[in-house]
Number of protein chains: 2
Amino acid sequence: MTREHLGDRSVVRRPASIKDVAAAAGVSPTTVSHVLSGNRPVNEDTAARVRSVVNRLGYVPASLARSLQAGSTSVIGLLIPDISNTFFAELAKGAEDAAHDLGYGLILCNTEFDADREDRYLGMIRSRFIDGMVYASGSPPSRRRLEALMGKFPIALADEEVDGLQGALIATADHEAGGRLVGEHLRELGHRRALMLTGPRALKSGADRANGFVKAFKGKVVERVGDFKEASGHRLVAGRLEEGRLDCTAVFAANDLMAFGALTALREAGLSVPGDISVVGFDDIRAASLIHPPLTTVHQPAYDVGRTATAQLLQYVSRGEVPPASRHTLPVELKVRASTAPPAR
Amino acid sequence: MTREHLGDRSVVRRPASIKDVAAAAGVSPTTVSHVLSGNRPVNEDTAARVRSVVNRLGYVPASLARSLQAGSTSVIGLLIPDISNTFFAELAKGAEDAAHDLGYGLILCNTEFDADREDRYLGMIRSRFIDGMVYASGSPPSRRRLEALMGKFPIALADEEVDGLQGALIATADHEAGGRLVGEHLRELGHRRALMLTGPRALKSGADRANGFVKAFKGKVVERVGDFKEASGHRLVAGRLEEGRLDCTAVFAANDLMAFGALTALREAGLSVPGDISVVGFDDIRAASLIHPPLTTVHQPAYDVGRTATAQLLQYVSRGEVPPASRHTLPVELKVRASTAPPAR
DNA sequence: TTGTACGCGTTATCAA
DNA sequence: TTGATAACGCGTACAA
């Protein structure tokens with residue numbers, strides 16, 4: 001680590017302002033403003049002179065001052081729990097694309113499921129540093145905080161709706177249809193007894209998946225509550241195996257990571273997939289198609305969820321309105337791979 | 001999609017300003033400011049009265065105005081090519097953590113390798129909407145644009161250094177050491193002929209990996225240039241297989257995705273890994289340990305790269321300085337898994 | 001075709 | 001202990 005001698009360059013000097021340009025060009029700040037914005041006609045010679053000074057001084061309008069006077073920043077926030085989770089990374093990509101399309105910037109609000117951190121980021125909307133927020137906290141959010149904010153500030157809920165929260169703009173995947181597709185698939189293969197590894201009870205999405213599955217499967221379903229982590233899938237399946245026999249021919253995990261854990265536990269017990277038992281996940285993260293055997297799973301339109309939520313939000317934000325209640329349910333898709341097969345006889 | 005009747009609530013009304021509070025509390029804006037900041041003593045009764053009005057009106061200081069007067073926004077940018085790439089997602093997480101620790105916000109500048117998009121984001125620093133930029137474009141960046149910016153604005157280079165760019169603050173993984181570790185590992189296993197799949201020529205990181213590898217391996221190395229995508233790894237290996245024999249006992253791909261492609265090509269050709277041929281990757285993305293066989297690869301400290309670059313940048317930004325030239329090389333680690341073994345005799 | 005004056009919301013300076 | 005004023009940098013209504 002070296003520090004070169006940079007003289008004055010090591011300290012940022014005051015950048016040229018519109019006044020500096022005006023003075024150097026011998027015109028008023030108003031004229032400079034209009035030369036740059038084109039909002040009113042300017043004498044061509046004057047304009048040329050101004051432009052030349054702009055170049056010479058390297059003048060760039062301070063967007064901060066512009067925002068202050070305009071009353072909006074053209075920046076919104078994206079609140080998610082964990083950007084290193086591929087689901088949220090895809091969602092973020094969709095959100096960023098939508099924001100960029102409309103000339104908005106996107107502040108990454110990564111909360112790590114930490115309430116204080118979430119509060120700090122929600123403060124950005126209260127202090128009007130951001131024009132709106134795409135909210136995808138990934139955990140059962142405190143309804144109260146949100147209720148106080150929605151209606152006053154533009155907020156869109158992505159991925160996970162908040163139970164009992166009315167009047168929100170919502171974009172989610174069709175979780176129930178996903179569960180249903182899995183149920184139908186396993187039923188058609190001939191399965192009649194399944195173990196379902198769910199996510200935390202409080203998540204609406206998880207409940208929807210479970211409901212859809214149970215309805216469509218029409219067989220015996222044992223539910224076990226996990227936490228969406230790989231270890232939890234492993235623990236739950238290993239636990240069942242130790243208790244005695246697994247007593248089912250298929251495992252449906254509410255997300256891919258838990259399915260991975262289940263696969264490992266089954267392998268460790270000397271069971272083959274899908275020979276002895278079928279396994280299905282949910283999410284279709286990148287690794288799902290790469291593992292052995294490739295995992296049958298439900299593809300979630302994470303990118304579309306982020307993109308839709310953001311595009312909808314901005315449609316209202318750009319007009320200075322609080323978005324109305326609306327719901328956008330995005331289609332999911334069953335990816336049948338090699339981890340499912342008819343049950344052994 | 002329904003639109004409820006929300007009356008006046010559908011349009012955001014003007015939020016309370018410090019003047020409103022001052023008027024309602026019968027004091028000057030100055031006093032309100034000081035009650036809230038604690039920057040000077042205020043009579044307890046007056047303060048209580050002000051606080052009560054603040055609550056009643058729901059006043060929150062406009063951070064925009066604060067920023068204008070302070071001359072900085074406490075927001076920086078993170079410029080990356082693709083947030084859905086787990087490497088950059090991890091890097092982003094590290095950057096966000098570091099920014100959050102120092103009370104800074106982080107704008108996600110996802111460029112998709114698009115020069116125009118990159119330009120637009122770099123404009124944010126010129127217009128001083130952001131106080132600095134962590135630059136990890138993932139592709140050979142146009143030195144010129146950057147040179148013009150650095151020295152005038154706070155920029156830190158992360159992951160990829162820019163060839164010939166002087167005086168920059170840089171944080172990267174130790175790519176050369178990574179290549180060396182792979183070379184030593186394969187050599188110790190007894191391999192003497194290897195195929196190396198490199199990334200695009202222009203990337204310094206790729207060259208470093210190749211150099212380290214060739215030096216330490218000391219055997220015969222055939223190099224083929226790929227583009228860091230899975231398809232490219234598949235194509236290069238399949239091509240060699242078609243041309244005749246592969247003529248090597250090990251494949252070293254410059255990133256995991258290309259290694260995945262290589263694995264698929266080998267499997268399709270009926271070759272076993274590591275029985276017939278060993279495969280090594282680089283990056284240690286999540287899927288690397290999940291695929292079959294688990295991939296021997298070099299773990300990149302993506303999180304630390306993002307965190308270090310950001311923390312270093314902010315150390316100077318917070319003092320209103322342009323960061324000096326400095327280099328932070330972060331250690332990598334060889335993860336030996338099941339895709340490597342001694343060569344078949 | 002151009003300029004003056006004001007407002008955006010805050011904080012620092014200076015005065016009382 | 002408090003307040004009036006200026007300044008941050010810009011856009012624009014109004015005037016000339």
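Side chains included, hydrogens not; waters and symmetry mates left out as well; all remaining heavy atoms used. Chain identifiers are assigned alphabetically (A, B, ...) following the order of the sequence lines, protein sequences preceding nucleic acid strands; residue numbering begins at 1 within each chain.
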J.: In whole angstroms, how far is the P atom of C/dG9 from the CG atom of B/L36?
T.: 16 Å
J.: Who are the side-chain hydrogen bond (donor to acceptor under 3.5 Å, both in side chains) partners of B/S63, not counting sequence neighbours?
T.: A/S127
J.: Checking B/R117 now: which residues fulfil salt bridge (Lys or Arg N to Asp or Glu O under 4.0 Å) with it, not counting sequence neighbours?
T.: A/E96, A/D97
J.: With sequence neighbours left out, write down each residue that passes salt bridge (Lys or Arg N to Asp or Glu O under 4.0 Å) with B/D20, or none if nothing qualifies.
T.: B/R14
J.: Bend angle of the helix from C/dT1-D/dA16 to C/dA16-D/dT1 from five-pair axes at both ends, rounded to 10°?
T.: 50°
J.: Between A/R327 and A/I170 (side chain of the first, backbone of the second, donor and acceptor by atom type, cut-off under 3.5 Å), is there such a pair?
T.: no
J.: Looking at residues at least two apart in the chain, or sitting in another chain, which of them share a salt bridge (Lys or Arg N to Asp or Glu O under 4.0 Å) with B/R51?
T.: B/E44
J.: For a quick test of your reading: what N or O donor-acceptor pairs under 3.5 Å do the side chains of residues 99-113 of chain B make, sequence neighbours left out?
T.:
from	atom 1	to	atom 2	distance (Å)
B/H100	NE2	A/R120	NH1	3.3
B/D101	OD2	B/R307	NH2	2.5
B/N110	OD1	B/I83	N	2.8
B/N110	ND2	B/E112	OE2	3.0
B/T111	OG1	B/I80	O	3.4
B/T111	OG1	B/F113	N	3.2

J.: For a quick test of reading the model: is some side-chain N or O of A/T31 closer than 4.0 Å to OP1 or OP2 of C/dG3?
T.: yes
J.: Which residues pass the salt bridge (Lys or Arg N to Asp or Glu O under 4.0 Å) test with B/K204, not counting sequence neighbours?
T.: B/E161, B/D208
J.: Identify every side-chain donor-acceptor pair in residues 71-78 of chain B under 3.5 Å, counting partners at least two apart or on other chains, and give the distances.
T.:
from	atom 1	to	atom 2	distance (Å)
B/T73	OG1	B/V75	N	3.3
B/T73	OG1	B/F129	O	2.9
B/T73	OG1	B/D131	OD1	3.3

J.: Taking protein heavy atoms under 4.0 Å as touching, what does nucleotides 7-16 of chain D look like 5' to 3' if B marks base contact, S marks sugar-phosphate-only contact and - marks none?
T.: -BBBSB-B--
